[in-house]
K.L.:
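My structure is below; once you've seen it, I'll send some questions.
Residue numbers begin at 1 in each chain, while the letters A, B, ... track the order of the sequences. For clarity, every value in this text was computed on a predicted model and none was experimentally measured.
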Protein chains: 2
Amino acid sequence: MAEDRSARAQEIVAAARVLLEEEGGDGLSMRRLAERLGIRAPSIYKHLPDKRTLENALISDGFVELAAAFEPAVGAGAGGREQVVAALGAAYRNFGRRHPHLYRLMTDRELDREHLTPGVEELAARPLVEAMGGDVDLARAAFAFAHGMTVLELNDRFPPGADVDAAWARGLRALARADDPG
Amino acid sequence: MAEDRSARAQEIVAAARVLLEEEGGDGLSMRRLAERLGIRAPSIYKHLPDKRTLENALISDGFVELAAAFEPAVGAGAGGREQVVAALGAAYRNFGRRHPHLYRLMTDRELDREHLTPGVEELAARPLVEAMGGDVDLARAAFAFAHGMTVLELNDRFPPGADVDAAWARGLRALARADDPG
DNA sequence: TACGGTGGCTAACACTGTTAGCCCCGAAGG
DNA sequence: CCTTCGGGGCTAACAGTGTTAGCCACCGTA
């Protein structure tokens, strides 16, 4: 990832990733990042034009990782649509749970797509579209469901005793089984 | 709403709501809010303990308004489950589109439920659970879908030509028709 | 008349992203 | 060998953030 980043810029992005994972979005400040690198905050700007660019780098890498996380589910394509969708959903959910702060960074606000590594968003989106047989409306519905479940779980939005597994299963099954609109 | 707020506190919350709607989440600062009220920022703290409390007030009011927005859909309960769910979904989506900044404030992060107006979250959640015949897992799945669709639309996450209406319709129909798990 | 609460105020602290301007060091060219 | 130039650090500073401390004026009440 990130062939167009200088070596030093890549080091900074890598440190930012660790900082983000360890301390969350609020902890990701230019001064704290610089501290981890043993330099001062303004020096970062010799390598990256602003914080937004840094975040876009993290987001781009996140998409690549997410696409990679989908690969096993795609590989197991022998099972029917329902199995593939279930596997993709589980991979998506696990990505969110393993990288909650990165996940929030990736989804909280608008993407500025022209500053992401090109193609990376489509790369992560394709497996679900294919699993849905090219039905983009249904794929978008399933994506919205997966994102909603993931972010609501991360934000502790479900009641304490809620059976999140069951809600995932019900939703994914209903969407995977959806008939063609008529 | 908000019987436990002093009159002055309620004025401040009302001004904050206007500021939020007009200038977005980033514009909602204590100094800018104070400016609109003709006072200085520290004076706000005579009426509200901190910014979080102010935001919680906005969020609580938001839930009340959201519950109110659901009422027509509930009233039209004569149609089958599919119609009621569609109407609830449309009401939810419209709430998000009419109040995008408030919607983000309400959903972006964890709720600190103990500081919200009590019962207000349940008030907004009940109509969907009832529409789903008390099936809480399915209601949660539908809620996740609706939230996902709304926030992805607000964050311009769908491709430019995407048929968001169609994705909404597909998802809500599939979920409303979901059979009992077996 | 004195008092206490209400609701303002200024000054300040610790933080944020970011810019301007300085300096050192190492590599390359004349 | 000397010079020049760019990479990559630095400090100081600015405007903004939430928040606290401490001061003061008013106003109703005992």
K.L.:
In whole Å, what is the span from the CD atom of B:Glu35 to the P atom of C:dG8?
P.N.:
16 Å

K.L.:
Any side-chain heavy atom of A:Trp168 within less than 4.5 Å of one from A:Thr150?
P.N.:
yes

K.L.:
Let me know the distance between NZ of A:Lys51 and C1' of C:dC15, rounded to the nearest Å.
P.N.:
12 Å

K.L.:
Under a 4.0 Å heavy-atom cut-off, which of residues 14-33 of chain B touch DNA chain D?
P.N.:
B:Leu28, B:Ser29, B:Met30, B:Arg31, B:Arg32

K.L.:
Can you pull every protein N or O that's under 3.5 Å from an N or O on nucleotides 22-28 of chain C?
P.N.:
none

K.L.:
Which of these passes side chain to side chain donor-acceptor pair (under 3.5 Å) with A:Asn56: A:Asp112, A:Asp61, A:Asp50?
P.N.:
A:Asp112

K.L.:
For B:Arg52 and D:dT19, give me the distance from atom CZ to atom C1', rounded to whole Å.
P.N.:
16 Å

K.L.:
Starting at NE2 of B:His47 and ending at C1' of D:dT19, how long is that distance when rounded to a whole Å?
P.N.:
16 Å

K.L.:
Applying side chain to side chain donor-acceptor pair (under 3.5 Å), can you list everything that pairs with B:Asp179, at least two apart in sequence or on another chain?
P.N.:
A:Arg173

K.L.:
Respond yes when some side-chain nitrogen or oxygen of B:Ser43 is under 4.0 Å from OP1 or OP2 of C:dG7, and no when none is.
P.N.:
no

K.L.:
Output all residues satisfying side chain to side chain donor-acceptor pair (under 3.5 Å) with A:Glu55, sequence neighbours left out; order by chain, then residue number.
P.N.:
A:Arg109

K.L.:
Mind calculating the distance between CZ (B:Arg40) and C1' (C:dT10) to the nearest angstrom?
P.N.:
9 Å

K.L.:
Establish, from distance only, whether the side-chain atoms of B:Glu21 and B:His99 form a donor-acceptor pair under 3.5 Å.
P.N.:
yes

K.L.:
Roughly, in whole Å, what's the span from CG in A:Leu37 to P in D:dC10?
P.N.:
10 Å

K.L.:
Starting at the 5' end of DNA chain C and moving along, which residue's nearest nucleotide shows up first, A:Ala41 or B:Arg8?
P.N.:
B:Arg8

K.L.:
Give a yes or no on whether A:His47 atom NE2 has more than 12 heavy-atom contacts from other residues, nucleotides or ligands under 6.0 Å away.
P.N.:
yes

K.L.:
Calculate the interatomic distance between A:Tyr45 atom OH and D:dG9 atom C1'; express it in whole Å.
P.N.:
16 Å

K.L.:
Rounded to 10°, tell me the angle between the two end axes of the helix from C:dT1-D:dA30 to C:dG30-D:dC1, each built from five pairs.
P.N.:
20°

K.L.:
With sequence neighbours excluded, tell me which residues meet side chain to side chain contact (heavy atoms under 4.5 Å, CB included) with B:Asp156.
P.N.:
A:Glu110

K.L.:
Can you tell if the side chain of B:Thr107 reaches within under 4.5 Å of the side chain of A:Asn155, non-hydrogen atoms only?
P.N.:
no

K.L.:
So do the side chains of A:Arg177 and A:Glu82 get within less than 4.5 Å of each other, counting heavy atoms only?
P.N.:
yes

K.L.:
Take the protein atom CG of B:Leu48 and the nucleotide atom C1' of D:dT20, then report the distance between them rounded to whole Å.
P.N.:
16 Å

K.L.:
Would you say the ring centers of A:Tyr103 and A:His147 fall short of 6.0 Å from each other?
P.N.:
yes

K.L.:
More than 12 non-hydrogen atoms from neighbouring residues, nucleotides or ligands closer than 6.0 Å to CD on A:Glu35, yes or no?
P.N.:
no

